[in-house]
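In what follows, a single structure is set out as structure tokens and then discussed.
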Number of protein chains: 2
Amino acid sequence: MILSKTFGYAIRGILYIALVQKEERKVQIEEISEKLSVPRHFLGKILQELVRNGLLTSVKGPNGGFSLGENTLSKSLLDVYRTTDHIEQLTQCELRFNQCDKIHPCPLHDKVQQIREEFIALLSKTTINDLITGTKKLQLHNIATTGV
Amino acid sequence: MILSKTFGYAIRGILYIALVQKEERKVQIEEISEKLSVPRHFLGKILQELVRNGLLTSVKGPNGGFSLGENTLSKSLLDVYRTTDHIEQLTQCELRFNQCDKIHPCPLHDKVQQIREEFIALLSKTTINDLITGTKKLQLHNIATTGV
DNA sequence: ATAATAAAAGACATCAATGTCTTTTATTAT
DNA sequence: ATAATAAAAGACATTGATGTCTTTTATTAT
């Protein structure tokens, strides 16, 4: 797997909020973590980061919780990746050669680079909304955790 | 990065042995780890595993060390991957959805699957020898570690 | 103002990948 | 046979990702 567990939690958290947020209600971390079987406090920190990065909104206190707006739906998976992972990791030499770039490529560089660019392009052009309105309608039960 | 540090060490270890083994001499772990700046005992364990999996030969005692034959040169990167990593990880759902396969795909499944297959094909069809006899001649100094 | 509620924050725990150190085993040269 | 050498093996350490628990802060309803 290329993407971290943290990233997976972030995406599923966002999707959960988006899916249940038909009415303008806020969703609490307790509910999200239970429904998705994601560790509550760990998820809490991930959502905090998403709030800091403007992907979610949160309100403390009674009737508080997390919510998201239209702008979040148009964010890309790469935007999420930037808050959960280290973006440089997407572009480092797979063989970890000392020097590996276009001028001094490792023997795998060109081939890997092409695949890498496809993957980054996928993350970059796929939005949260794309995940929701994909070919098959996304259901709540689909976004439960796999435990891996 | 998709590939583990362990995998990178394994590849560079194999390449080092292949490159200096013009004459039939055996190469010692001490020399390999120093020249590649790879932790000695950690590399030792990795090479041990490669020996167990038939990718290298080792001899204990004076004048002992590691060596490899023609058969190793024709092994694929996927063969190396199998000794250093968990092969299932190459095919697990990137979003870690509960259920994600051809019948019940996560919203990213098809696109990811395609890229995944390209990557596995690359590992599968690239041999050790391909790395050595690539477009640019592989030099010893190229395979030092990057420290990442 | 006070109490209740929910996120934020911080300290600590666990686990897998990575790394180090010491002891054991096999081989070779004398 | 003995000593020297080098890999193998095993125990332990470190680190980053992941996970848990407790305390703090902000908000709301009363």
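The chains referred to below are lettered A, B, ... by the order of the sequence lines, with proteins before strands, and numbering in each begins at 1. No experiment lies behind these values; they were computed from the predicted model shown.
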Choosing from [options], which nucleotide comes nearest the side chain of [X]?
| X | options | answer |
| --- | --- | --- |
| B:S58 | D:dA7, C:dT28, C:dA8 | D:dA7 |
| B:F66 | C:dA29, D:dA7, C:dA8 | D:dA7 |
| A:K60 | D:dT5, D:dA26, D:dA17 | D:dA26 |
| A:F42 | D:dG19, C:dT20, D:dA8 | D:dG19 |
| A:P39 | C:dT27, D:dT20, D:dT28 | D:dT20 |

How would you label the contact of B:Q28 with the nucleic acid (heavy atoms, under 4.0 Å): base, sugar-phosphate, or nothing? sugar-phosphate
With distance as the sole criterion, do the side chain of B:K45 and the base of C:dG19 form a donor-acceptor contact below 3.5 Å? no
Donor-acceptor pair present, A:K5 side chain and D:dG19 base, under 3.5 Å: no
Are any non-hydrogen side-chain atoms of B:I87 and B:L90 less than 4.5 angstrom apart? yes
Can you tell whether the side chains of B:E31 and B:R40 come within less than 4.0 Å, N to carboxylate O? no
[X] vs [N]: side-chain N/O to OP1/OP2 distance below 4.0 Å:
| X | N | result |
| --- | --- | --- |
| A:Q48 | C:dA9 | yes |
| B:R40 | C:dT18 | no |
| B:Y9 | C:dT18 | no |

Take A:Q21 and A:F66 through the test side-chain contact (heavy atoms from CB on, under 4.5 Å) and record every step on the way to the result. CA-CA 10 Å; A:Q21 199 197 252; A:F66 294 88; over 6 Å; no
Its dot-bracket string being built from Watson-Crick and G-U pairs below 3.5 Å, with | for another strand and [ ] for crossing, DNA chain D has the pattern ||||||||||||||||||||||||||||||
May I have the distance from [X] (atom [atom1]) to [N] (atom [atom2]), rounded to whole angstrom?
| X | N | atom1 | atom2 | value |
| --- | --- | --- | --- | --- |
| B:E49 | C:dT18 | CD | P | 14 Å |
| A:N63 | C:dA7 | CG | P | 11 Å |
| A:H41 | C:dT14 | NE2 | P | 16 Å |
| B:L47 | C:dT18 | CG | P | 15 Å |
| B:L43 | D:dA6 | CG | P | 16 Å |
| A:I29 | D:dA26 | CD1 | C1' | 17 Å |
| B:I46 | D:dA9 | CD1 | C1' | 15 Å |
| B:L56 | D:dA7 | CG | P | 12 Å |

Indicate, with yes or no, if [Y] and [X] share a hydrophobic cluster defined by side-chain heavy-atom contacts under 4.5 Å among Ile, Leu, Val, Met, Phe, Trp and Tyr.
| X | Y | answer |
| --- | --- | --- |
| A:I115 | A:Y81 | yes |
| B:F42 | B:Y16 | yes |
| A:V20 | A:V59 | no |

Determine, step by step, whether A:H109 and A:R116 satisfy the side-chain contact (heavy atoms from CB on, under 4.5 Å) criterion, reporting the C-alpha distance in whole Å, the side-chain angles of both residues, the deciding distance to 0.1 Å, and the verdict. CA-CA 10 Å; A:H109 182 79; A:R116 193 138 66 189; 4.3 Å; yes
Quick check on B:E70: does its CD atom have over 12 non-hydrogen neighbours (other residues, nucleotides or ligands) under 6.0 Å away? no
